[in-house]
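Computed over heavy atoms, backbone and side chain alike; hydrogens, waters and symmetry mates excluded. Protein chains get the first letters and strands the later ones, always in sequence-line order, with residue 1 at the start of each.
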2 protein chains.
Amino acid sequence: MPELKSRQVSQLPPLQAIRVFEAVARHLSFTKAAAELGMTQAAASYQIKLLEERVGAPLFLRRPRQIVLTEAGQRMAPAVSEAFALLGGAYAAARSGADGVLCVSTLLTFASNWLAQHLGSFQVAHPSLAVRLDTSNRLVDFAREDIDIAIRSGGGNWPGVEVHKLFNADFTPMLSPKLAATIGGVKEPADLLRLPILDPGDIWWRDWFIAAGLPVEELAKRPGSSMGAQAYEANAAIAGQGVAIVTAALFKAELADGRLIQPFDLVGDDGHAYWLVYPQARRNVPKIRAFREWILAEIAGQ
Amino acid sequence: MPELKSRQVSQLPPLQAIRVFEAVARHLSFTKAAAELGMTQAAASYQIKLLEERVGAPLFLRRPRQIVLTEAGQRMAPAVSEAFALLGGAYAAARSGADGVLCVSTLLTFASNWLAQHLGSFQVAHPSLAVRLDTSNRLVDFAREDIDIAIRSGGGNWPGVEVHKLFNADFTPMLSPKLAATIGGVKEPADLLRLPILDPGDIWWRDWFIAAGLPVEELAKRPGSSMGAQAYEANAAIAGQGVAIVTAALFKAELADGRLIQPFDLVGDDGHAYWLVYPQARRNVPKIRAFREWILAEIAGQ
DNA sequence: TTCAGGCATAAGCCCTCCTTATGGGCCGTG
DNA sequence: CACGGCCCATAAGGAGGGCTTATGCCTGAA
């Protein structure tokens, strides 16, 4: 589409030439401007000549020891300088601004039970980085959502993204000590059958029942009601409403202070895990690197 | 100097990519922006990808039927648009501004005796063009002075410039009728010897004396005092102070109304002429073309 | 289900733009 | 007054950026 091109070219200045012009106008020297721009004096001369032909008038007067702006050049220089300052500012803002806010997409339970307790140390380590949490159970698509990094659970084989395993998504029943006491304590898996089971339709219950040698049919009999997130079911369990099956690693605090107890060492594991995920192409972006290094160290150290 | 280059590149955005970004951000469409810029959709996609890598963050979210700006993109877009508006304005101003003022370097006599009487018709024909006269006898150097077009006298063979002959710089004696009357009229060349001669050192006098068969030695006897411009000597002649040797074409008005008379048809001609001169490279600049066409027509028509 | 619209990607080529090399003009200096 | 230095212009040549063409994928509409 040559006609379009020519139209375009005629109404917009050649940008590289303008960049050179700006520098030359500032230094009033081809040589110095070229040095600033990291090119040779000849290149600067070439670009200015190009621009002068485009504008249709000389922009500089070549005097013996120096150059000065022509009338046309004087008209152009201030606005051009201002425009470049704007561009530089916008660019820097986008760069640092992008570095200044980290958007983390995370699963609800991970956010409330792990991030909430650990994020403080990240913010201490990176005071200039603001973290914006985006809680969602969807599998985030980095091309479609404004997300820098995500916590996902699953098999870990997603294309186009870098993944780091945080911990296995194992699962084991948990309940409040008070509820356990109502039946004189939970000693063996079968004791659970005497208690309400939260979200009995969860595949995890089935797996765990099988592993524990309990009859799976019992699950089907129960009223099924899922709350959609481990954190909610754990809260229900803490409130004494039943037994939840959750990932132990996410409830260390509750286990430690006795709000929940884990009656059996037996944990189920379907091979799923919690993963840190981000686009491969962005692995070296500072804020992403910072978050990755922090979370991996934090997980390893706890 | 690779280190300079890399420094530079890291602190200034890639301009072509930014230009594309601006268009894409405006249209929220790669395809439309590419069309506006006169390139293919693939090229736009390529440039945006490049810029996103440079910025370190995606600038657009690719949604099914459209794209939207990311946070980083939103931060960048307004300033970038503004910067381009500035650049466009500056460029246009330089272009049209340059078209709006025509700087003419002219010889003093030509200015006062020809341009002053004719320029009006040029300004009527080109009301948007302001003419700035720069009177000087120096041979103007277009590279060093802010001059668009010049009137010169001389042989007409200057390198690098376009020349058009206006009229021959011939020369012939002129004097006021009153002065002629003091010796009973000037009938033949020898009569001049009885009158004061203005700037007898002028080479033109010598040439004309030879052509007229007068003794050249007479000239050397006279007190030499040059006024440096034909117009001044002509004024002296009009005032009756002596005989001047000037170019007839420049004094048509004075001859017509009788302030001056040209006693002899004999004119000298050393091959010099008055020329219109401008840089070859700028022959198609509108204002230069306009002035050239006007002055040639004016000269031819009078 | 098919079609159309829109973006991404790969391969390849052209042309821009930069470099090196050289020359000219002007200044200061010995 | 000649010489060297500074600065810009110009020519020739080469490398790589950036564009095009071609193709694929995805999604929403008919």
Side-chain angles (χ1 to χ4, degrees), chain A residues 1-2 4-6 8-9 13-21 23-25 27-54 58-70 141-144 159-160 279-281, chain B residues 1-2 4-6 8-9 13-21 23-25 27-54 58-70 139 141-145 159-160 279-281:
Chain A
M1 32 185 104
L4 270 178
K5 178 147 197 175
S6 65
Q8 155 61 15
V9 158
L15 291 182
Q16 185 58 14
I18 293 231
R19 164 188 277 178
V20 175
F21 169 77
V24 174
H27 291 288
L28 286 180
S29 158
F30 285 48
T31 306
K32 291 204 191 74
E36 174 184 312
L37 295 176
M39 56 196 205
T40 59
Q41 168 271 323
S45 177
Y46 167 84
Q47 292 288 3
I48 294 299
K49 185 175 187 182
L50 216 71
L51 185 59
E52 287 178 328
E53 277 169 14
R54 226 14 169 320
L59 297 168
F60 295 98
L61 301 178
R62 279 71 167 176
R63 297 277 174 70
R65 291 304 263 194
Q66 84 203 14
I67 55 178
V68 300
L69 284 160
T70 62
D141 180 341
F142 293 103
R144 273 181 219 176
Q280 279 170 350
Chain B
M1 34 185 105
L4 270 179
K5 177 147 195 175
S6 64
Q8 154 61 14
V9 159
L15 293 180
Q16 185 58 15
I18 294 230
R19 164 187 277 176
V20 174
F21 169 78
V24 174
H27 290 287
L28 286 181
S29 157
F30 285 49
T31 307
K32 292 204 190 75
E36 174 183 310
L37 296 176
M39 55 195 205
T40 59
Q41 169 269 322
S45 177
Y46 167 85
Q47 291 288 2
I48 294 298
K49 186 176 186 182
L50 215 70
L51 184 60
E52 288 178 328
E53 279 168 13
R54 219 31 163 312
L59 296 168
F60 295 98
L61 301 177
R62 278 71 168 177
R63 296 281 174 68
R65 291 303 263 196
Q66 84 202 15
I67 56 179
V68 299
L69 284 160
T70 63
L139 212 61
D141 179 342
F142 293 103
R144 272 180 220 178
E145 297 169 56
Q280 279 171 351

message: Just so I know, are the side chains of A/I67 and A/L61 near enough to count as touching, which here means a heavy-atom distance under 4.5 Å?
response: no
Rounded to the nearest 0.5 Å, the CZ atom of A/F30 sits from the CD atom of A/Q66 at a distance of 12.5 Å
Between CG of A/L37 and P of C/dC17 the distance, given in whole Å, is 14 Å
Please enumerate all protein N or O atoms sitting under 3.5 Å from an N or O of nucleotides 6-10 of chain D, with distances to 0.1 Å.
| from | atom 1 | to | atom 2 | distance (Å) |
| --- | --- | --- | --- | --- |
| D/dC6 | O2 | A/R65 | NH1 | 3.4 |
| D/dC8 | OP1 | A/F30 | N | 3.0 |
| D/dC8 | OP2 | A/T31 | N | 3.0 |
| D/dC8 | OP2 | A/T31 | OG1 | 2.3 |
| D/dA9 | OP1 | A/R62 | NE | 2.4 |
| D/dA9 | OP1 | A/R62 | NH2 | 3.1 |
| D/dA9 | OP2 | A/S45 | OG | 2.8 |
| D/dA9 | N7 | A/Q41 | NE2 | 3.1 |
| D/dA9 | N6 | A/Q41 | OE1 | 3.4 |
| D/dT10 | OP2 | A/K49 | NZ | 3.1 |

The side chain to side chain contact (heavy atoms under 4.5 Å, CB included) partners of B/E52 (sequence neighbours excluded) come to B/I48, B/P58, B/L59, B/F60, B/R62
Taken in chain and number order and not counting sequence neighbours, the residues that satisfy side-chain hydrogen bond (donor to acceptor under 3.5 Å, both in side chains) with A/R63 are none
Could you give me the CA-CA distance, side-chain angles and deciding distance for B/F21 and B/L50, then say whether side-chain contact (heavy atoms from CB on, under 4.5 Å) is met? CA-CA 10 Å; B/F21 169 78; B/L50 215 70; over 6 Å; no
Whole-Å distance, B/I48 CD1 to D/dC19 P, equals 11 Å
A/M39 atom CE is separated from D/dG16 atom P, nearest whole Å, by 18 Å
Rounded to 10°, the angle between the first-five-pair and last-five-pair axes of the helix from C/dT1-D/dA30 to C/dG30-D/dC1 is 20°
Residue set satisfying side-chain hydrogen bond (donor to acceptor under 3.5 Å, both in side chains) with A/Q16, at least two apart, ordered chain then number -> none
Applied to residues 42-51 of chain B, the side-chain hydrogen bond (donor to acceptor under 3.5 Å, both in side chains) test, sequence neighbours excluded, yields none
From CG of B/L50 across to P of C/dT9 the rounded distance in Å is 13 Å
Taken to the nearest whole Å, CD/B/E53 to C1'/C/dA8 is 13 Å
Whole-Å distance, A/R19 CZ to C/dC18 C1', equals 14 Å
Whole-Å distance, A/D141 CG to C/dC7 P, equals 16 Å
Residue set satisfying side-chain hydrogen bond (donor to acceptor under 3.5 Å, both in side chains) with B/Q41, at least two apart, ordered chain then number -> none
Residues passing the side chain to side chain contact (heavy atoms under 4.5 Å, CB included) test with B/A33, sequence neighbours excluded, are B/A23, B/V24, B/H27
Side-chain N,O (A/Q16) to OP1/OP2 (C/dC18) below 4.0 Å | yes
B/Q47 atom CD is separated from C/dC7 atom P, nearest whole Å, by 16 Å
